[in-house]
Structures are given as C-alpha cells and as structure tokens.
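Below you'll find the structure, written out as structure tokens, and then a few comments.
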Amino acid sequence: MTLEAESKSIAAQFDYSDGDVNKAVKEFLRQLDEGLQKDGTSLSQIPTYVTGVPNGTEKGLYMAVDLGGTNFRVCSIQLNGDTTFNLTFSKVAIPKELMVAKTAQELFAFLAKQIELFLKEHHEDHFEQHVRRRMTISSPDGFRDEHVFRLGFTFSFPVQQIGINKGTLIRWTKGFDIPDAIGKDVCALLQEEIDKLHLPVKVAALVNDTVGTLMARSYSSPGKTGTVLGAIFGTGTNGAYVEKLSNLKKSLSGEFDKSTGEMVINTEWGSFDNQLSVLPSTPWDVALDKASTNPGIQMYEKRVSGMFLGEILRLVIVDLLKNKDVAFFKDENSSSNDWKSTTNIVADSSIYKQWGLDTAIMSVAAADGTPELSTLRGELENQLGVHAAGLDDAQAFKSIAFAIGRRAARLSAVAIAAIVLQTGKLTDPANQDEPIDIGVDGSLVEHYPYFRDMIYEALAIIDGIGPEGAKRIRIGIAKDGSGVGAALIALVAAGMEKSMSTQDYLGELRSNAKENNLTAVPEDAENAAAD
Ligand code: ADP
Ligand code: MG
C-alpha cells in the first residue's frame with residue numbers, strides 16, 4: 001500500500017459525520033439534564049454559586065493565579081469599569097515532577113513561591129510596605145486584613161465548591177496525580193503556603209477557568225446581553241454556562257442570591273459520555289486511554305483537547321513507523337526523496353515517548369500552505385528529529401493531523417450546540433435581535449488554524465441550529481479570561497466580606513494605591529459586584 005493510500009484510510013477513521021454530530025448533541029442534552037437532577041452522573045454539573053455575569057462597569061485592583069494544566073500564571077488586574085482592564089502577568093511551566101508529587105504541599109509551595117516572585121517583581125513598593133507593616137503591627141497574620149491583596153484562584157480541575165473561597169478536589173485530570181490532595185480544600189492548601197512566606201495575599205475566591213472565561217467575556221464583550229457560555233479548549237476542555245434555577249433540581253447547600261433566577265453551572269464536560277455511547281473511538285483512542293493516568297474517565301476531553309490530540313497523532317505515527325508495507329520517515333536511497341537526501345528518524349526521537357508530540361506542531365502542519373510544506377518539514381526535524389522528511393511524509397503527517405484536529409473541532413461543536421439549545425435563546429422571541437455570545441479560551445482554539453471555522457461549519461448542520469442559527473452564535477476569544485474572570489469573582493467575594501466595614505478597608509486600600517501610583521481600587525465593591 002502506498003503511504004498516501006494508507007494515510008487516507010487512517011484519516012477516514014477520524015471522520016465524524018453530520019449524523020454522528022446530531023446524535024451526540026441529543027445525548028449531550030440528555031446528560032446535561034441528568035446532571036441537573038442528581039449527583040454522580042457523567043456530567044457533574046457543579047453549581048458555582050455565581051448567580052450573575054458582569055456588565056463591564058466593575059472596578060478595582062485584584063490578583064489572580066491560574067493553575068491550568070500546563071502553565072501557572074500569576075497576574076494583577078486593574079478593572080477600569082469601562083469594559084477595559086490593565087493586566088500584568090508572569091507565566092511558568094509547571095514542572096512535570098510536581099504534577100505527580102508525593103504531597104500536595106510540594107506543588108502548592110511552588111505556586112506560593114511564584115506569587116512571591118511576582119509581587120517582588122511587579123509590585124515591589126506595595127510588597128515592601130506590607131513587609132514593613134508586618135513588623136510594626138501585631139495581629140495573628142502579621143498584618144491587618146485591609147492591606148492584603150484579594151486573589152482569585154483559578155483552579156482548573158474538578159472541585160466540589162462549598163463556598164466562594166472553599167472547595168475540595170474531586171479528582172485530578174490532565175496528567176496530574178497527587179492522591180494526597182483529593183478531598184482537600186485547595187484554597188486552604190494555597191493559603192497555608194502563602195502564609196509560610198508571609199505574603200500580603202488572601203485567597204478570596206476559587207474560580208474554575210470556564211467560569212472565569214464566562215465572566216471575563218461578559219465584562220468585555222460588546223452589547224447589552226450577557227455571555228451564556230465560557231469554554232476552554234487548552235490542555236483540557238470544559239465549559240460553564242448560565243442555567244435557570246428552575247432547571248436545577250439537585251439540592252444546594254450554600255447561601256446564594258436567588259433574585260436573578262439563574263446560576264452559573266460548571267458542566268465538567270470533559271467527562272461527557274465516559275460510557276462511549278456516542279463518542280467515536282479509534283484503536284489509537286483506546287490505546288491513549290489505556291496508557292493514561294485515568295483510564296475510562298474524561299473520554300470526551302481525550303478526543304478534544306490540546307494535551308491529547310498530539311498524543312493520538314503520535315500513536316498513529318508510531319504504528320505507521322512499524323508498518324513494513326509503507327515507507328514513512330524512511331527512504332531506500334536519495335533517489336526517492338524530493339530533497340535528494342535520505343530520510344531517517346533519530347533513535348531517541350521524542351516520537352517514541354508518551355506525550356512526546358506537542359499538539360502545537362499540528363497547528364504548524366495545518367497552517368503550512370506552501371507547496372513543499374517546508375515549514376512543517378523544518379519542525380519535524382527540530383521537534384521530532386526527522387531528518388529530511390520527504391514531501392510525501394509531510395503530506396501524510398499533515399492529512400492525519402488535520403483529520404484528528406477536525407474531529408476535535410466537530411466534537412467541540414457538539415458541546416457548544418447542546419448548551420445553546422439548552423438556554424433556549426435561539427427561539428426566545430425576546431432575544432431575536434441579540435447575538436448568543438460565547439467566550440472561549442485556550443491555546444487550541446486560539447492557535448489551531450480554522451478551529452473556530454470548523455466549529456461553525458458543524459454548528460450549521462445541527463438540528464435546531466442550522467445555518468441561520470449558527471450565524472447568530474458569536475464565539476469570541478476571551479484572552480486572559482481566567483485572570484480577569486478570577487479578578488471579577490474576587491471582587492464579588494470582597495463585597496461579601498461582611499465581617500469588616502467595606503468602607504474602611506476600601507479607604508485604606510485606596511490611599512495605599514495612591515502612594516504606590518496604582519491608580520484605581522474598588523470604588524464601590526458592594527455595588528460593583530457582578531450583577
Ligand atoms: P492551560 O491549559 O494550562 O491553561 P493552554 O491554554 O496554553 O494552557 O493550553 C496548553 C495546551 O495547548 C497544551 O496541551 C499544548 O500542547 C497545546 N498547544 C499549545 N500551543 C498550541 C498551538 N499552537 N496549537 C495547538 N495546540 C497548542
Ligand atoms: Mg487555561
């Protein structure tokens with residue numbers, strides 16, 4: 001069999017037909033509803049106790065950290081109250097060994113250290129002042145509460161939220177595995193390590209990245225309607241949306257504001273259809289799952305998100321390299337190579353190692369429109385140690401990678417469509433002139449060429465949406481969504497701190513900010529709280 005024929009037949013195994021898409025949307029709607037009725041279902045449908053989305057008028061200076069899956073980001077955010085913000089951030093890759101550390105303490109100590117470095121680098125004056133104050137004021141924490149930065153903690157793993165800054169870890173995903181942390185309050189774990197370093201920081205809010213994305217998009221998006229869905233397509237995938245309280249049948253323990261009649265629900269859709277009743281499954285999907293840290297779970301995520309697409313492709317490629325009937329990444333001699341060299345692959349290529357192929361190279365493949373695919377061939381050499389890949393090799397790589405990426409985009413459309421249908425906004429007569437706004441974040445949706453176009457293409461063939469409906473759905477990147485969103489929720493939390501006079505704490509914070517040349521601080525945190 002020629003390489004071309006073989007790669008075509010492999011790519012075809014990743015086809016996900018219009019019929020399949022429609023079937024999956026129906027099942028998604030069923031599982032969404034099931035999760036609203038009771039606990040322990042496929043989609044966890046976690047109530048967030050966030051009962052409204054912002055409108056762009058919120059103000060203040062907050063800190064936010066984001067433990068995503070690949071990176072840890074620390075930022076400070078000035079919300080200007082006019083839909084704009086100023087953001088300062090730093091980012092570090094999470095060391096692989098910490099993802100599987102023996103104790104949670106090791107990971108959280110690393111996170112606290114990054115917060116310290118950030119404060120020293122970007123808010124040095126503020127930081128020094130706090131250290132001085134600590135030495136002069138005696139209080140249990142070393143400094144008075146009002147001098148403390150409120151921090152929104154974006155923690156993008158499934159947690160059972162039991163308060164605005166309290167939540168216990170349900171399970172790890174995305175390759176993390178620190179059993180010691182399961183069942184513990186992740187805010188307390190972080191606060192403990194922050195306190196060990198004597199930092200003037202209070203973990204004020206626990207935020208899922210999807211909720212942060214929803215809030216951030218709603219703060220910054222134009223128009224009068226709020227955003228209905230925040231979705232992540234990064235290392236993992238998940239979504240949070242605005243649900244009617246009347247549809248939420250399972251019991252809610254915490255206190256919350258019932259006046260809006262709505263609550264943001266974190267779907268944890270990475271676990272959609274773990275039972276594989278509608279999800280597609282190739283031999284490579286099966287192999288990936290078997291070798292993962294969590295077999296049988298996050299089955300939707302394993303077909304959609306950045307952590308896994310590269311690994312699916314890697315498994316396909318390793319099989320192709322083993323196949324004696326096709327010449328892939330190898331030549332008899334230089335005559336069969338269009339660059340008149342001989343292709344070979346280094347023995348210690350990362351292609352032979354689990355997670356050795358970064359999904360980013362699939363974006364390079366999809367973006368390379370040159371006749372010789374020279375950019376892709378360069379990357380194959382740099383990243384995977386493939387010397388002088390032939391044009392036919394690069395074409396095979398590209399077509400298989402594209403099939404995997406396209407299937408992921410069509411699967412993404414399934415979740416988006418189901419939630420749009422669930423909100424009823426397409427048919428609501430009161431909502432006919434407004435777009436249905438969706439915020440997305442994550443490297444995959446941001447950088448994979450045509451990912452959103454492929455989502456739209458699939459939305460247009462879905463029953464109940466169609467081409468007209470698809471046009472009304474506005475999917476926008478909420479860049480830095482998790483940081484801004486976490487700041488917005490920290491703002492809500494600050495407004496809820498009833499134990500002290502808000503006026504007092506704001507007064508102090510304001511005069512501090514003036515001294516430090518930090519322009520605005522919450523003018524009116526109580527009224528500015530998301531509504
Ligand atoms: P996090 O999930 O930690 O918030 P990101 O949103 O940046 O981080 O997502 C990181 C994931 O995106 C990784 O799995 C990585 O392989 C993938 N990725 C990074 N760059 C690209 C790219 N250019 N195209 C496609 N996927 C990418
Ligand atoms: Mg992220």
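Note that ligands are numbered from 1 as they come in the structure, with each ligand's atoms numbered from 1 the same way. Values below: every heavy atom of this structure, side chains too, minus hydrogens, waters and symmetry copies.
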| query | Any idea how W355 and F308 line up, ring-wise: parallel (<30°), tilted (30 to 60°), or perpendicular (>60°)? | reply | perpendicular
| query | How are the rings of F85 and Y219 set to each other: parallel, tilted or perpendicular (split at 30° and 60°)? | reply | tilted
| note | Closest heavy-atom pair, V148 versus K202, reported as atoms and distance to 0.1 Å, is CG1-N, 3.2 Å
| Basic-acidic side-chain contact under 4.0 Å: R407, D15 | no
| Polar side-chain atom of D209 near backbone of T154 as donor-acceptor pair, under 3.5 Å | no
Could you pull out every N or O of ligand 1 that sits under 3.5 Å from a protein N or O, with the distance for each pair?
residue, atom, partner, partner atom, Å
ligand 1, 2 (O), T235, N, 3.0
ligand 1, 2 (O), T235, OG1, 2.5
ligand 1, 3 (O), G69, N, 3.3
ligand 1, 3 (O), T70, N, 3.0
ligand 1, 3 (O), N71, N, 3.4
ligand 1, 3 (O), T235, OG1, 3.4
ligand 1, 6 (O), S443, N, 2.9
ligand 1, 7 (O), S443, OG, 2.5
ligand 1, 9 (O), T235, N, 3.3
ligand 1, 14 (O), G306, O, 3.4
ligand 1, 14 (O), M307, N, 3.2
ligand 1, 16 (O), D358, OD1, 2.7
ligand 1, 24 (N), S363, OG, 2.5

| message | Under the rule for side-chain contact (heavy atoms from CB on, under 4.5 Å), what residues qualify as partners of A417, not counting sequence neighbours? | response | V25, L459, I462, I465
